[in-house]
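Step one of this worksheet: look at the structure below.
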Amino acid sequence: MKQVDLVIIGGGSAGMAAAIQAYDEGIRDILILEKDARLGGILNQCIHNGFGLTEFKEELSGPEYLQRFVDQVKERGIKFKLQSFVLNITKDKVITYSNAEEGVVEIQAKAIVMATGCYERSAGAIQIPGDRPKGVITAGTAQKYLNINGYLVGKRVVILGSGDIGLIMARRMTLEGAKVLCVCELMPYSNGLQRNIAQCLNDFNIPLYLSHSISKIVGKEKLEKVVVSQVDEKFQFIPGTEMEFECDTLMLSIGLIPYVSLLNNIDCPTSSTRGAIVYDNMETMIDGIFACGNCLHVHDVVDFVTIEGRNAGHGAAQYIKEKEEHGSLKIEVDPNLAYVVPQFVRTPVKEDLTLKFRVRKEIRDKKVVVRHKDEVVFSQVKLVMIPSEMVILTIKKEKLQDITEPLKVSVEDR
Amino acid sequence: MKEMVCIVCPRGCHLTVDDNMNVTGNSCPRGAKYAISELTHPTRMVTSTVRISNRDNMVASVKTSEAIDKSKMFDVIKAVNKMSVKAPCHVGDILIKNIFDTGVDILITKDVE
Ligand SMILES: Cc1cc2nc3c(=O)[nH]c(=O)nc-3n(C[C@H](O)[C@H](O)[C@H](O)COP(=O)(O)OP(=O)(O)OC[C@H]3O[C@@H](n4cnc5c(N)ncnc54)[C@H](O)[C@@H]3O)c2cc1C
Ligand code: SF4
């Protein structure tokens, strides 16, 4: 069986950053396996502007952002195989992939970085009453058809879910001549960034109906119309609030889910994000297998995916060079937080610790506090935290030298 | 008094502009600049795709080199849809120079070999 030091599964932003970092730390025998015909992952279809502010201090479109990393991969001569689909991995780090040229191949890796991204929740995941005609599509699929292949999927569109991809597609399809009738959102708040509501909906007078959902889909072969109704606090439709929209497309933007089936096959423990549970070096609970990017937890800003990818690349490089024994302590969160990544910090702590989390609902004018026993090791005032924006904080390693108990993250009054 | 959301970066600060054009609520100077320009002369970046004459089933992405008059967004898309490029093309190639005499170019944002 062929041996490779580091195999990276997925050649999107996370995978490329991990590969580049590991290379720069001296690992030369690296292979990126990517199922698509290009490197870059989901960013290939995100042609809008707004990427790279942290990373490059300028605003780039998705394809421009990814090209900078493709160039870095190529400059270093890091090996990658395209149209190569990973079918299976084992706890002992044997990877099975297949492509047209080689057929089905097994390779042995010293370390693996999982960077497989996420997938969209589809119509099957939520129960919409009514028919099941053609014309119901996820926003990301519609985005791929339009921005990669050049096909507009419909002319009269209703969007369910106010996630950013749906908002961005509302603008994109409007500019291409489609009529976007409305966006309806089940929750009383939007899941998208404020700027996207401003520049994608308000600019084009597209109505956003909060606390609304689709109460009926109508259409035999093709979609003919949808009925939108208001919901109460228990998310039950309120009779008498029905609005009918004749449309040929219902576009869903109802959430992204980390893609982890390869890890599930090896019983890798996962958290409430559905991604793997990891230490601060992005190593999963399975020795030598690391995870980063959207397959760990869904990110809204690619710059942070890149940083996390580097962290995983750094972790994997160290692991390959010299495997170190370490202890570990849990990082616990209070009920205001939906999750935290990483869930464990290795001890003794040798590097600054970056924590990422999301709040469950909007929180204004509070502070985030991290404690070890009764001692405050980190505290920062936050004017606003909303579920759609990930919060990132870094604790200096000096503060964590003698920790013996779990760290506790909480939201408290100022 | 006018209220608006700053769209310059993903943070999305809530801005307020008073009658003397004083801006509050911005976390950085770009927000103040945005608010004034939004009230006097609103502009937007426009991104789209252009056909590739020698490729099937594939388009190349494009963007305005700078934000352009908001009222010209649809015209930009129409102009781009009349064009096509020939592969290979590269990030930064100019598709349309000085569109509508605005000083703004339309640039390719994707490498196609
Ligand atoms: C539709 C969408 C729009 C977004 N818009 C924005 C935005 O406007 N601004 C912003 O900053 N961020 C945005 N993001 C977030 C950010 O761009 C992404 O979080 C980031 O690009 C994800 O990178 P990744 O490498 O984790 O995943 P991906 O880019 O999805 O890469 C995963 C790669 O793994 C490959 N893969 C998966 N399984 C296998 C397998 N079994 N074998 C081989 N290869 C495999 C996939 O083909 C893919 O190339 C958006 C995200 C999405 C999903
Ligand atoms: S004011 Fe500055 S920080 Fe706030 S959204 Fe605008 S550009 Fe971003």
Side-chain angles (χ1 to χ4, degrees), chain A residues 37-40 43-54 57 59-68 70-71 74 145-152 164 168 171-172 174-177 190 192-200 202-204 300-304 383-384 386 388-390, chain B residues 3-15 25 27-28 30-31 34-35 38 42-52 55-67 70-81 84 89-93 107-113:
Chain A
R38 301 172 69 94
L39 290 173
L43 281 194
N44 279 297
Q45 67 187 61
C46 301
I47 64 160
H48 56 279
N49 230 38
F51 304 84
L53 274 167
T54 310
K57 306 282 174 282
E59 242 188 304
L60 303 170
S61 67
E64 290 172 300
Y65 184 94
L66 77 88
Q67 191 60 44
R68 295 195 178 184
V70 172
D71 292 345
K74 289 185 176 163
Y145 281 141
L146 185 54
N147 292 346
I148 306 256
N149 308 112
Y151 302 110
L152 187 63
D164 285 313
I168 281 171
R171 170 179 63 186
R172 178 85 179 100
T174 304
L175 284 170
E176 288 291 352
S190 164
L193 297 175
Q194 286 296 328
R195 75 189 300 232
N196 285 337
I197 294 179
Q199 62 184 344
C200 298
N202 300 352
D203 268 8
F204 302 99
D300 18 60
V301 180
V302 67
D303 302 65
F304 301 142
L383 295 180
V384 220
I386 53 176
S388 55
E389 279 174 48
M390 189 189 289
Chain B
E3 291 188 21
M4 65 182 80
V5 172
C6 179
I7 63 168
V8 177
C9 90
R11 209 158 149 179
C13 296
H14 290 263
L15 311 177
S27 306
C28 82
R30 288 182 304 167
Y34 167 76
E38 189 66 9
T43 60
R44 292 289 181 271
M45 290 292 293
V46 179
T47 60
S48 187
T49 53
V50 63
R51 270 183 300 122
I52 307 174
R55 291 281 184 285
D56 286 338
N57 235 327
M58 194 203 256
V59 289
S61 48
V62 301
K63 70 170 185 184
T64 48
S65 58
E66 287 162 56
K70 192 175 157 186
S71 62
K72 293 208 166 68
M73 283 194 288
F74 282 95
D75 297 330
V76 167
I77 302 280
K78 281 200 195 106
V80 169
N81 280 346
S84 65
C89 63
H90 297 281
V91 174
D93 290 357
L107 306 176
I108 302 282
T109 57
K110 176 175 176 169
D111 275 17
V112 183
E113 296 308 325

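Given the structure is predicted, the values throughout are model-derived calculations rather than measurements.
With chain A as partner, the option from B:G92, B:S61, B:A60 having the largest number of non-hydrogen pairs under 4.5 angstrom is B:S61. Contact tally against chain B (heavy-atom pairs below 4.5 Å) for A:E389, A:H48, A:R172, A:R171: the top residue is A:R172. With respect to chain B, the highest number of heavy-atom pairs below 4.5 Å among A:N196, A:L66, A:L146, A:I148 belongs to A:I148. With respect to chain B, the highest number of heavy-atom pairs below 4.5 Å among A:D300, A:N44, A:I47 belongs to A:I47.
Side chains of A:Q67 and B:T109: no donor on one and acceptor on the other come within 3.5 Å.
Note that OG1 of B:T47 is 10.0 Å distant from CD of A:E64, once rounded to the nearest 0.5 Å. Rounded to the nearest 0.5 Å, atoms CG (A:D203) and CD1 (B:I7) are 6.5 Å apart.
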Between A:E176 and B:S48, does the side chain to side chain contact (heavy atoms under 4.5 Å, CB included) criterion hold? Intermediate values first, please. CA-CA 9 Å; A:E176 288 291 352; B:S48 187; 3.2 Å; yes
Working for side chain to side chain contact (heavy atoms under 4.5 Å, CB included), residues B:K110 and A:R38: CA-CA 12 Å; B:K110 176 175 176 169; A:R38 301 172 69 94; 3.6 Å; yes
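For A:L175, the parts lying near chain B are the backbone and the side chain together; criterion is any non-hydrogen pair under 4.5 Å. Neither the backbone nor the side chain of A:Y65 comes within contact range of chain B; no heavy atoms are under 4.5 Å apart. Contacts between A:Y145 and chain B at a heavy-atom distance below 4.5 Å are absent for every atom of the residue. Proximity to chain A (any heavy atom under 4.5 Å) is restricted, for B:M45, to the side chain, taken from C-beta onward. When heavy atoms are compared at a cutoff of 4.5 Å, B:R44 approaches chain A solely by way of its side chain, counted from C-beta outward. When heavy atoms are compared at a cutoff of 4.5 Å, B:D56 does not approach chain A at all. Interface remark: B:K78 contributes no atoms to any contact with chain A (heavy atom separation under 4.5 Å). Using a 4.5 Å cut-off between heavy atoms, B:C13 makes no contact with chain A at all.
No option in B:V59, B:N57, B:T49 other than B:N57 meets the side-chain contact (heavy atoms from CB on, under 4.5 Å) test with A:N149.
A 6.0 Å sphere centred on CD of B:E3 holds no more than 12 heavy atoms belonging to other residues, nucleotides or ligands.
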